[in-house]
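For reference, the structure is listed below as structure tokens.
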Amino acid sequence: MHVTFRQLAIFNAVAEKLSFTEAANTLHLTQPAVSVQIKRLEDSVGLPLFEQLGKKVYLTGAGEELLHYSRNIFQELGEAKEIFAQMQDISRGTLSVSVATTASSFATRMISAFLKQYPAATIKLDVTNRGTLIRQLESNEKDIVIMGKPPEHMELVGEAFMKNPLVVIAPPDHPLAGKEGISINALQNEPFVVREPASGTRAALEKLFAWCHISPTIQVEIADNEAIKEAVAAGLGLSVVSRHTLELDLQAKRLVILDVEHFPIARNWYLAYRRGKRLSPIALAFKALVFEQAPKMAEALSP
Ligand code: PGA
């Protein structure tokens, strides 16, 4: 059955008016043009769709059936148009973004700035570790991912937008607090509170320790940056965290940064997505905002 949308639209008009002339007027066509299209449609369907009894036009049984389906088709087409309009309209769009645990402190501020510009937009935010972010990139689940260095084995677009210095933290009463130029070997005998193995922060820390041939004792492993800071403040050990998560702790003098050689570890924050992915208008707008806000954010997070 070869049926065109145009034929169905003409059919709907005739079926609603039950008049070829009125349908032609509504569609700005001539009456013979309408008749030709209905005839072609009847040929495709293989059954008559209208019958004329006296001066009146009636739908046949096949016509009634076709009207039911064609109304549904136009209804669905209308819904699809509405969805596409919503997807083009950033102000009402939905953005699905996933960020590294450590990035959540500034990512939420960036989202807040974005929602000031687009108050009716919806943001679905996932905060998770590097291992999960890589899995999400593999399965193309998210519009945008914010993470430490993107893995090299994957076909990704990864654009660095802000530095992410990793520093050693201690409670203010720790014997190393306030000392200058501490040798990294001085950490060998310190217990450490670290992130879970799938964390990017943990990987960076282990890489540096391995390179320096030291292996401090891992006292506690916690999959949460805030809880790690609590544990360090409570004296459970030292840790290595992003400088960008310490603003309030340093102000409140709950934690101090130790001046250890090779620190801060110089990492960067990247905005990443699969190569070839076609970013939606809302994802492009968010990406632009991230790059625009990054310099201000870096300044605010580590003045
Ligand atoms: P993380 O990621 O929160 O998994 O440690 C941060 C990073 O990769 O630097």
Side-chain angles (χ1 to χ4, degrees), residues 96-111 123-139 141-154 156-169 187 192-212 216 218-232 236-249 255 257-258 260 262-274 287 290-291 293-294 297-298 300-302:
S96 176
V97 50
S98 206
V99 307
T101 314
T102 321
S104 62
S105 55
F106 70 82
T108 45
R109 295 192 208 186
M110 285 179 167
I111 288 170
I123 310 285
K124 292 186 182 164
L125 173 68
D126 196 0
V127 178
T128 186
N129 66 29
R130 178 178 174 83
T132 311
L133 293 173
I134 291 173
R135 193 188 48 67
Q136 288 173 337
L137 281 167
E138 264 159 9
S139 55
E141 273 170 53
K142 304 288 170 183
D143 292 323
I144 280 177
V145 161
I146 289 178
M147 67 189 309
K149 195 168 171 41
E152 270 154 23
H153 70 277
M154 285 177 70
L156 296 174
V157 176
E159 295 174 53
F161 61 88
M162 194 164 79
K163 292 195 181 321
N164 174 27
L166 303 184
V167 294
V168 184
I169 53 166
L187 303 184
F192 263 75
V193 182
V194 296
R195 285 278 304 279
E196 74 284 13
S199 146
T201 309
R202 165 93 174 251
L205 160 74
E206 284 183 345
K207 194 169 154 200
L208 178 64
F209 284 176
W211 185 67
C212 295
I218 292 178
Q219 188 88 38
V220 189
E221 187 178 291
I222 315 178
D224 179 89
N225 193 64
E226 290 306 303
I228 284 184
K229 292 189 296 176
E230 294 293 336
V232 173
L236 295 189
L238 304 181
S239 190
V240 170
V241 298
S242 168
R243 169 68 179 80
H244 291 163
T245 65
L246 292 173
E247 197 189 358
L248 298 176
D249 308 277
L255 293 169
I257 296 175
L258 297 187
V260 182
H262 303 307
F263 283 90
I265 300 175
R267 274 174 80 76
N268 282 298
W269 288 118
Y270 289 77
L271 191 141
Y273 47 92
R274 290 282 293 268
K287 178 178 168 184
V290 167
F291 279 87
Q293 294 265 318
M297 201 62 74
L301 292 169
S302 31

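Only a predicted model underlies this, so the values are computations on that prediction, with no experimental measurement involved. When a ligand or atom number is given, it counts from 1 through the structure's own listing order.
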Donor-acceptor pairs under 3.5 angstrom involving side-chain atoms of residues 131-138: please list them, not counting sequence neighbours.
unit_1	atom_1	unit_2	atom_2	d
Thr132	OG1	Thr128	OG1	3.2
Thr132	OG1	Asn129	OD1	3.2
Arg135	NH1	Glu141	OE2	3.1
Gln136	OE1	Ser98	OG	2.6
Gln136	NE2	Asp126	OD2	2.8

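- Atom-to-atom distance recorded for Ile111:CD1 and Ser104:OG is 9.5 Å, nearest 0.5 angstrom.
- When each of Thr102, Asn164, Thr101 is checked for a side chain to side chain donor-acceptor pair (under 3.5 Å) with Ser242, only Asn164 meets the rule.
- Closer than 4.0 angstrom to ligand 1 lie heavy atoms from Ala100, Thr101, Thr102, Asn129, Arg130, Gly148, Asn164, Arg195, Ser199, Gly200, Thr201, Arg267, Trp269.
- Here the side chain of Asp143 pairs no donor or acceptor atom with the backbone of Val97 at under 3.5 angstrom.
- Under the ring pair (Phe, Tyr, Trp, His ring centres under 6.0 Å) criterion, Phe192 pairs with Phe209, not counting sequence neighbours.
- With sequence neighbours excluded, no residue satisfies ring pair (Phe, Tyr, Trp, His ring centres under 6.0 Å) with Phe263.
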